[in-house]
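All chains are named by letter (A, B, ...) in the order of the sequence lines, taking the proteins before the strands, and each is independently numbered beginning at 1.
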Amino acid sequence: MDSLSSQEELKESDIEKPKKETENLNENEIENEIEKENSQEKPEKETEEQKKKKYWDRSKIRRMRQLMKEKRFEVMIQAFTSSLKRILIPVSITMILTVILIKTLYSDQTMNNQFQDVSVYNENSSDSGGKKFAGSLLNALIIVGAIVVMTFLIVLCFKFGCMNLVFAYIIFSTFIMLGIIGAVTFIELLVAENLGMDWLSFVIFMLNFAVVGVTVIFWKGPEIFNKMYLIAVSVLVAKVFASLPEWTAWILLGAIAIWDIFAVLSARGPLKVLIETAQQEDKPIAGLLYNSSLYFENDYDNDDNDNDDENSDKNHESSSDKDHKFVDNPYSTSSDEDNFENDTNQPKKNEEIENKTEDNNETKKEDQDDDLIKIPKEVFPERKKRPETKKPEKVQYQYQYEDEDEGGIKLGLGDFIFYSVLIAKASLNDYSTVFTCFIAILTGLSLTLFFLIVYQKALPALPISISFGIIFYFLTKLVLDPFIEQLGNSSVFA
Amino acid sequence: MDPSTPLTEEQKIKVAKKMYIAGFFFLPWLWFCLAIYFRKEKNEILQKYVKKAYFGFFVFTFFLLTWMAVFLSQRDRWGVKGDNLSVNIPYGDSNYDS
Amino acid sequence: MTLVLFFGCLFVAFSPIIALFIFVIYKEAKLLIIMLAGAFFWLLSIFIASILWKIVKPLQDENAWSIAISIVAQEGVRLLLYKIFIKLEANIYRFATKQTLETEKSYLKGSLACGVGYSFAYVLVMYGSVMTHSTGPGSLFTSECPKISLFIVNALLAHNFGILNILWTIIIFISFKSLKNKKENKKIIYIFAITLSLASHFLLSYLTLIKNCKVSLLVNYLISIPLAIIGYFFIKKYYRNKKDFYQSQINETQKDEQTIEVIKPQENDQKQDLTRRRVPNDNTSDDEPVLFDNDIKIK
Amino acid sequence: MWKIILILLLLFIKETQTKSIHDTIYQDIGGFTGMQLLNKNGDYGGTSGFDPLYGELYLIEEESDFEKLINDPPSKKLVLVLNAEFFSFSKYLDRLPNKITIAGVILLPGNKPGTGYSPEMTYPLKASSLHPESDYEWNSIGNGDLYKKYFFPILTFPLQGNFQFIKDMAKQNKRDLEFFEPRNGAVFDIFMQANEDSETCLRRKTCVPIGGQSVWGFIGGEYNKSKEYIMITTPLDTRSSFPYLSPGSEFPSSGIVALLSAIDGIISFANSNNATEFYSSLKRQIMFGFWDGESFGHIGSLKFINDVKYFDCKEWNDSSHSSCNQPFRYSMAFKDLDLSKLTEIIEPNQVGLYTGNPNNTYQSQLYTHYEKENFQSLVLAEKIMMVSINSLKIMNLSTVEYPSPHTPGIPPSSSESFVRKIKSDLPVVVLTDYPSQFSNAFYSSVFDDIFNIETQQIAGAASLLLRTVYMEATGCNPEEIPENLAVNETFIRDLMFCFSFTYYCQYFVDILGIPFNVPSSNYPGLFSDTNVPIRSKFLHDFITYLTLVQKSSEFPSCKSGYDCNSSENCIVGKCYPRIVYFHPSYSNNVEYDYKQKEYKVVESYFPDDLWVESDWKKIQIQVYQGNSKNVDILVFCVGIFLILLDCFMIKFFKLF
C-alpha cells in the first residue's frame with residue numbers, strides 16, 4: 001500500500017461527478033507536453049534538470065496510461081452492472097408474476113395439459129420411468145422441432161426478402177396469443193376466484209387487451225405500456241408451457257437450451273446466419289420478433305419511468321458514454337511515440353471507421369434476434385480496433401451520439417418465457433423450490449453477462465440459467481425440503 | 001414498426017387521429033393508451049385529442065361498470081337468460097356475506 | 001397464522017435485510033449483483049449439507065449432526081465466497097495504481113452485500129419455508145412452550161441469525177484480507193475475530209436445540225447482542241484505521257509536492273499547476289518499482 | 001464430477017416424507033354437518049363461504065353463558081359450541097345481535113332439550129296432505145328450523161362419536177385467558193354450491209334430487225290379479241337438521257319395525273302351517289309398502305301411484321318388457337297392479353312412544369286415526385278395536401282408543417297419497433300412540449334417538465297390527481284369530497337397534513353380508529337408479545328371505561348377484577326369485593336424461609315441490625390452536641418498529 005498522488009486518485013474514484021471537462025483539458029495539455037518533449041529529444045548531452053524533467057514527463061505519461069486503463073475497466077464494470085440491473089428487474093417481475101398466476105390458478109385444482117391434443121404422448125403417473133422418458137423426449141423434440149422449423153422459415157423469408165410475410169405472421173400470432181390465451185387465463189381466473197362475468201364485458205375486455213397489446217408492441221404507444229405488454233406476453237406463454245406434464249417440461253427446457261447454444265454459437269446456426277446476412281446486404285429488420293430489446297434501451301430518453309434507480313442508471317450510462325470518447329483518446333495519442341506497446345496490429349483509419357459502422361449495423365440487427373444477449377461494441381472498444389493515428393474529436397462525438405440509443409444489453413423475449421416456464425414448474429411445488437430456482441436463474445443470467453463482457457460476442461442466454469435452474473429444482477425437491485422440514489419443525493437454526 | 005423511434009409533430013397528430021378513431025370501435029383502453037402516450041405534448045391539437053380520449057375512456061368505463069354491476073346483482077333473477085349470458089356461473093349464493 | 005401475524009413475523013425476520021437492501025444495496029447495481037452471488041453461494045452450502053444429510057442415514061434422526069454439517073458447509077462456502085470475492089475485487093482494481101480509501105470502502109460495501117445476500121437466503125430458506133406452510137388461522141405450539149407460537153419464536157431467532165450472518169460475513173472478509181496483508185502488525189486480533197465468529201455460530205446454533213423456547217430465545221439474544229455490538233465496533237475501528245492511514249498518506253504527499261516544487265524548473269503557470277497535481281512520489285510506493293523496471297526494460 | 005455422482009445417487013434415494021407443519025397444526029374432526037337442501041321455493045340450511053370460515057370456540061352450557069354473549073358480544077368471529085337445549089333458532093340463535101359474526105355451530109349430543117325440539121312445521125307436509133286448508137297443529141312444538149336459511153355451517157356428532165375433546169377445547173377458551181394465551185378455534189370448509197331454488201340449481205348442475213327406493217310386494221309372493229288386496233304400509237324416511245344423521249327412531253323406525261314384525265308374524269304363521277295353501281286360502285291378499293322419501297312431499301307413494309297409473313316406457317330393455325331403460329325401472333311388476341282392487345289401508349305411524357301409566361304393569365296404548373267424513377274408515381277402526389278387545393289375554397297387546405274429535409282426520413302419513421290419488425272413500429286407519437297431537441317431543445329432529453322409544457309399545461302395536469291383518473285377510477271374526485299369532489319382542493328390540501342406532505348390527509350383517517359401520521340414518525339420500533339405500537335393501541332381502549327360507553334348498557347357491565339370472569336376487573348365498581320389488585322414489589317433476597346425463601324439470605300429474613340436495617366440493621372441519629388477536633397485533637407492531645429501527649440505525653450510525 002502506498003500513497004501516491006492521493007488527490008488524483010480521489011478524483012478518479014468518484015467517476016460519475018461532472019469533472020470531465022477538466023480532465024479532458026488535462027488530456028490536451030499532456031499531449032502538448034508529449035509533443036514538446038519529442039521535439040526536444042536531441043542526441044545532445046542533457047543536463048541534470050533535463051534528465052529530471054524527462055523523467056517527470058515519462059512518469060506523467062505512464063500515470064496517464066494507467067489512468068486510462070483504470071477508467072476503461074471501471075466503465076466496463078459500470079456498464080455491466082447498470083445494464084444487468086436493468087435486465088434483472090424485468091426478468092424478476094416476469095417470474096414473480098408467473099408464480100402468482102400459477103399459485104392462484106392451480107393452488108387447489110390440478111392444471112390440465114393444454115397440449116393434450118397435439119402431444120403424441122400423454123404422460124400418466126402409472127407409466128414406468130423409461131416409458132415416461134421416451135414419450136416425453138418425443139414430445140419435447142416435436143416442440144423444439146417446431147421452433148427450429150419456424151426459425152429456419154424466418155431466416156429463409158429474410159434471405160429472399162419477403163419480410164412482410166413474417167411481419168404479418170408475427171403480428172397475427174401475437175394478436176391470437178394475447179386474445180385466446182388471455183381469454184382462457186381470464187376464465188380460469190374467474191373460476192378460481194368463483195366470480196361471475198357476462199360475455200359482453202368479457203369480449204370487450206379481451207378485445208381491448210389484445211388490440212392495444214398489438215398496437216403498443218408493433219406500432220406506437222407509451223413505453224410503460226410496451227413493457228407491461230411484453231411482460232404479459234411472456235407470462236401468458238409461460239403459463240401455457242407450464243401446463244406440460246412434468247417430464248416433458250423438463251426435457252423440453254433442456255432441449256431448448258441446447259438448441260439455443262447451437263443456434264447462436266455454431267457457424268451454421270440460423271440466428272447467426274440471420275445476423276450475418278443482415279450485415280452483408282444491410283436489410284432493415286427492425287421490429288422483428290417483438291423488439292424485445294426495447295426493455296433495455298437506456299432509459300434516459302423515455303419520460304415514462306423516472307424513479308431513482310433509473311436516474312442513477314442514467315448517470316452511469318451518460319458517464320460511460322462520455323467516458324469512451326475519453327477512452328479512445330489516449331491510445332490514439334500515446335501510440336504515436338510509445339511504440340513499446342506489445343500488440344501492434346494497426347488498421348487504417350478508414351477501415352477502422354467502416355468497422356465501427358459495421359458494428360452499428362450489427363447492433364441494430366442483433367437486438368432483433370430472439371435468443372441472445374449482446375452489447376454494442378462501442379461501449380467496450382476492443383484493443384485491435386484501436387486506431388493508429390489520432391482522429392479528430394468530431395468523428396468521435398458523432399459516433400457517441402449515434403450510439404446513444406443503442407446502449408445497454410439486450411435480452412430476447414424467448415429467454416423471458418423459458419425462465420418463467422421453469423419458475424412456473426417450480427411453483428407447482430413448495431415455495432422453497434421457487435426461491436432456489438429464482439436465485440439460480442438470476443445468477444446464471446449474471447454469469448452469462450459476465451462471460452459476455454469477457455468474450456465480447458453474442459452469447460445464448462438460456463443454457464447456464466436453465467441448467468442451474470434444473471439442478472437446483474431437483475436438489476431442492478429431493479434433499480433440501482426434507483432437511484429444512486426437519487430443522488424447521490423443531491425450530492432449529494443452523 | 002418501432003415504438004421507440006421519435007416522431008415529428010405531424011406524425012404524432014396522425015397517430016393520435018388514428019388511435020382516436022379506432023377507439024370508437026369499443027376500444028376505450030386504446031383511448032387511455034393514447035392519452036397516456038401524448039399527455040406530455042405541448043401541441044394543442046394533440047392536447048385536444050388527449051382530452052377527448054380521457055373523456056371517452058371514462059364515459060365508456062362508467063357505462064361498462066354500471067352494466068356489470070346490474071348484471072352481477074340481477075343474474076340469478078334472470079333465470080335461463082342470465083345463465084346463457086354468463087362466462088362463468090359462480091357457485092353458491094351471489095349475495096353471500098360472512 | 002393470520003395475515004396480520006404473517007406480516008408481523010415477516011417484518012421481524014427480515015427487518016435488517018429489508019432496511020439494508022433499501023438504503024445500501026439497491027442504490028448500487030454492483031452491490032445488487034454481489035448480493036445475488038451471496039445468496040447463490042449460501043444455497044450451494046445448504047445443498048452440500050443436505051446432500052450429506054440425505055446420503056448418510058445416521059445423520060437424519062439426530063438434529064445435532066444436521067446442525068454440525070450445515071454450519072461446516074456454510075462456513076466453508078463463506079471462505080470460498082471470500083476467495084472469489086477478493087479475486088474479483090482485485091481484478092476490478094487491477095489497474096488501480098494503489099489501494100485507496102475508496103477501494104476499502106467498496107470492499108467493505110461488497111462484503112456487506114455478500115453478507116446480506118447470505119443471510120437473506122438463510123432466513124428465507126430456514127424460516128420462510130416454515131412460514132409458507134402455515135396458511136390459515138392456526139399456529140403451531142409445542143408442548144415445551146405452550147404459550148408462544150413457534151412461528152413467533154422462529155421469527156425472532158431468524159431476525160437474530162440474519163443480523164449475525166451479515167456481521168460474520170463482513171468480519172471474516174475483512175479479517176482474512178488483513179491477514180493476507182503483510183504490513184498488518186496486529187494479526188492476532190483478526191485471528192481472534194475469526195475464531196470468535198465461528199465459535200459463536202456453533203454456540204448459538206446449538207443453543208437453538210433447547211426445547212424451551214423462552215430460554216433459548218433469552219440465551220440467544222443475551223449472547224448475540226454483545227456479539228453484534230462488538231462486531232459493529234470492530235468494523236468501525238477497522239474502517240477508522242484505514243481512514244487515518246490514508247489521511248496521513250495524503251498529508252505526506254502534499255508535503256512531498258512542496259519539496260518537489262522547489263527543485264522543479266519554472267515554466268509557464270499552466271504547466272506548474274499541472275505538475276503540481278501530477279507529480280509522483282516514489283519512495284512510498286509499492287508497485288511503483290515494478291513500473292520502474294518496466295520502464296527501464298523499455299529504455 | 002463427484003457432485004454429478006452424488007446427484008445420480010440421489011435419484012435412487014426414496015423421499016423421506018416428514019409430517020408437514022400444516023397437519024400438525026390442524027386436526028380433522030368427524031361428525032355430521034347440516035346440508036343445504038332446496039325446493040321450488042328457495043334454499044334452506046347452512047353453508048360456509050367460498051373461503052373457509054373460522055372462529056374461536058365459544059361454549060354455551062347454561063343460560064348465563066348465552067346472556068353473557070348477548071350482553072357483551074365479542075368483536076371476533078365465534079364458533080358456538082352448544083349444549084342440546086340451546087340448538088334452536090327461534091329460541092336462541094336468532095336472538096343473537098347482528099354484530100356477533102358466527103363462523104359455525106357445533107352441537108354436542110347427549111342430554112336433550114327438556115321442553116322438546118322439532119324443526120318441522122306445526123302441520124308437516126301440509127301441502128300434500130288431505131287437509132291443506134286446516135290450521136290444526138299436529139306438531140305443536142314444531143318451529144320450522146328446517147326451512148331456515150343461514151350463512152354458517154352446523155355440525156354435530158352421533159352418540160357413539162368422539163366429541164369430548166371439542167368440549168374440553170371450548171372449556172379452555174371459556175376461562176378468561178391472559179393477554180397472550182393461545183385460543184382454540186375451528187375451521188369450517190364446507191361450501192354448498194347451489195343457490196336460489198331447485199330448478200335453477202338443476203339447470204346449473206349443482207344439485208341432485210333427493211330420493212331413495214321404496215320397497216313393496218305381496219306377502220307370500222304371488223299376486224293374483226282377480227283377488228282384492230289390503231295394504232299395510234308405512235313411510236321409510238325422516239329428516240333432521242343434519243340429514244345424514246337422522247336416527248328417527250320414533251318416526252319412522254317404530255312404524256317400520258312394527259310393520260316388519262307383523263309381516264314376520266304372518267309369514268312364520270304361514271310357514272308353521274302349509275304356506276302355499278295358506279296364502280291361496282286368503283280371501284284378500286296382503287300388500288305391504290315401505291315408501292321412501294315421504295318426508296319430502298310423499299314422493300315415494302306419489303311416484304308409485306303415478307307409475308302404476310301413467311308410466312310409459314320410452315325405451316325397453318328387452319323384448320319381454322320386464323324392465324325399462326328410459327326412464328329406468330328395474331322391474332315392471334308394478335304395471336300388473338290393479339289399484340281398484342285395493343280395499344283398505346292400515347298404517348302404523350309413530351307407535352313407539354311410551355304412553356301408558358308407569359306404575360302398574362306395562363299397558364301400551366294406541367289410537368286409530370281415521371278420516372272423519374269417510375264411514376268405511378270408521379268401520380275399519382271399529383274392527384281394530386274389536387280385535388284388541390277380543391284378544392286381551394294375548395300378552396302385551398295394545399288397548400285401542402279413538403283419537404280426539406278435534407283432529408281434522410288422519411295425521412301426516414303415506415296413506416294420504418292413496419286416499420288423494422286413488423279414491424277418496426278408501427278405508428284408511430293410521431295407528432299412532434298419540435290421541436290428538438304428536439306426543440313425540442323430537443319429531444324429525446336429531447334427538448329422536450333410540451332412547452326415545454319403548455320396545456314393548458312397539459310390540460303391542462305390532463301384534464295388534466298382525467292380528468288385525470290376519471282378520472282382514474282371512475275375513476274371520478275377531479274371536480277366531482288363533483292364539484299363537486304373536487310377535488317376538490327381542491326381534492323387535494334388535495331391529496330397533498339396527499334401524500335407529502347403527503347399521504352395524506346382527507340382522508343387517510347377516511342378511512346383507514357386508515358390515516356397514518355407520519350410524520343409522522333415515523334420510524333417503526341422493527337418488528340414483530343403480531344403488532339402493534341400506535334400509536331398503538335390508539327390507540327387500542329380509543322379507544324375501546323370511547318368505548322363502550323354508551324352501552331355500554330348492555334354489556341354486558351364489559356368491560354375488562352376477563351368479564343369478566335377471567329375475568333372481570342373491571341373498572345369504574342363495575338365488576331367490578324376486579317376490580319383493582324396489583320402486584324408485586323421487587320427485588315426479590324431474591326426469592333423468594340419459595343422453596345429456598342431466599336432470600330435467602318436467603310437468604307431472606302429481607306435482608310436488610322438488611326437493612334437491614346441493615353439491616359440495618369438500619367437507620372439512622378442523623380444530624386448531626391459534627394466537628389471540630392481541631399477540632398478532634403486538635407482533636405486527638414489533639415488526640414495523642424493528643424495520644424503522646434498522647432504517648434509523650443505517651441512516652444515522654452509518655458505517656460508510
Side-chain angles (χ1 to χ4, degrees), chain A residues 163-164 167 170-171 183 186-230 284-288 290-291 293-295 297 301-304 364 367-368 405, chain B residues 1-7 11-19 22-23 25-41 50 57 60-61 63-76 78 81-96:
Chain A
M163 286 312 292
N164 297 340
F167 286 143
I170 289 170
I171 292 175
F186 191 25
I187 291 179
E188 283 183 19
L189 269 174
L190 288 176
V191 173
E193 295 302 314
N194 195 38
L195 297 172
M197 180 111 193
D198 61 313
W199 277 109
L200 183 60
S201 343
F202 181 76
V203 169
I204 289 180
F205 279 11
M206 281 352 277
L207 186 72
N208 278 276
F209 181 69
V211 169
V212 173
V214 172
T215 319
V216 161
I217 292 175
F218 292 107
W219 191 43
K220 297 274 175 271
E223 196 74 16
I224 184 73
F225 271 51
N226 186 285
K227 293 181 176 181
M228 291 193 312
Y229 265 103
L230 285 172
I285 55 170
L288 180 52
Y290 320 147
N291 266 6
S293 58
L294 259 188
Y295 266 112
E297 293 295 344
D301 45 4
N302 90 56
D303 47 344
D304 286 312
K364 272 221 189 56
D367 51 307
Q368 282 87 42
D405 40 6
Chain B
M1 270 333 264
D2 186 356
S4 66
T5 50
L7 298 170
Q11 274 174 319
K12 280 177 182 166
I13 292 174
K14 268 208 203 69
V15 170
K17 195 159 187 303
K18 280 182 190 157
M19 279 194 179
F25 301 96
F26 302 105
L27 293 172
W29 188 235
L30 194 60
W31 272 334
F32 187 69
C33 169
L34 155 69
I36 296 294
Y37 193 28
F38 293 118
R39 74 186 185 286
K40 287 247 177 76
E41 295 297 337
V50 168
F57 172 69
F60 195 101
T61 320
F63 280 118
L64 195 61
L65 289 182
T66 19
W67 153 249
M68 284 173 73
V70 170
F71 174 79
L72 290 180
S73 55
Q74 301 302 317
R75 185 166 58 73
D76 284 332
W78 292 346
K81 255 195 242 66
D83 286 5
N84 295 343
L85 215 57
S86 318
V87 178
N88 170 45
I89 303 172
Y91 291 133
D93 203 322
S94 50
N95 50 25
Y96 177 92

Does either side chain, that of Trp78(B) or that of Asp83(B), offer a donor lying less than 3.5 Å from an acceptor on the other one?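 Asp83(B) and Trp78(B) do not have a side-chain donor-acceptor pair below 3.5 Å.
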
Tell me, side chain or backbone of Phe186(A) under 4.5 Å from chain B's heavy atoms, or both, or neither?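 For Phe186(A), neither part sits under 4.5 Å from chain B.
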
Proximity breakdown for Leu190(A) and chain B, heavy-atom pairs closer than 4.5 Å: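 For Leu190(A), backbone and side chain are both near chain B.
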
Between chain A and each of Leu85(B), Asn88(B), Asn84(B), count heavy-atom pairs under 4.5 Å; write down the option with the most.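 Looking at each option in turn, the highest pair count goes to Asn88(B).
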
Pairs of heavy atoms under 4.5 Å with chain A: top-ranked of Phe26(B), Phe38(B), Phe25(B):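 The option with the most such pairs is Phe26(B).
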
Do side-chain atoms of Asp198(A) reach the backbone of Ser86(B) as a donor and acceptor pair under 3.5 angstrom?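 No.
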
Does the plane of the ring in Phe32(B) sit parallel, tilted or perpendicular to the ring in Trp29(B)? Use 30° and 60° as the thresholds.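 Correct class here is parallel.
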
What part of Leu64(B) lies closer than 4.5 angstrom to a heavy atom of chain A: side chain, backbone, both or neither?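 Just the side chain, heavy atoms under 4.5 Å.
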
Part of Phe63(B) within contact of chain A (heavy atom distance under 4.5 Å):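 Answer is neither: Phe63(B) stays 4.5 Å or more from chain A.
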
Could you give me the CA-CA distance, side-chain angles and deciding distance for Thr215(A) and Cys33(B), then say whether side-chain contact (heavy atoms from CB on, under 4.5 Å) is met? CA-CA 10 Å; Thr215(A) 319; Cys33(B) 169; 5.9 Å; no

Ile89(B) side chain near Arg75(B) side chain, heavy-atom distance below 4.5 Å: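 Contact flag for Ile89(B)/Arg75(B) side chains = yes.
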
Do the side chains of Tyr229(A) and Phe209(A) get nearer than 4.5 Å, heavy atoms only?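 Yes; the side chains approach each other to less than 4.5 Å.
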
Just so I understand: if I count every heavy-atom pair under 4.5 Å between each of Trp199(A), Phe225(A), Phe205(A) and chain B, which residue has the most?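 Counting heavy-atom pairs under 4.5 Å, the top option is Trp199(A).
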
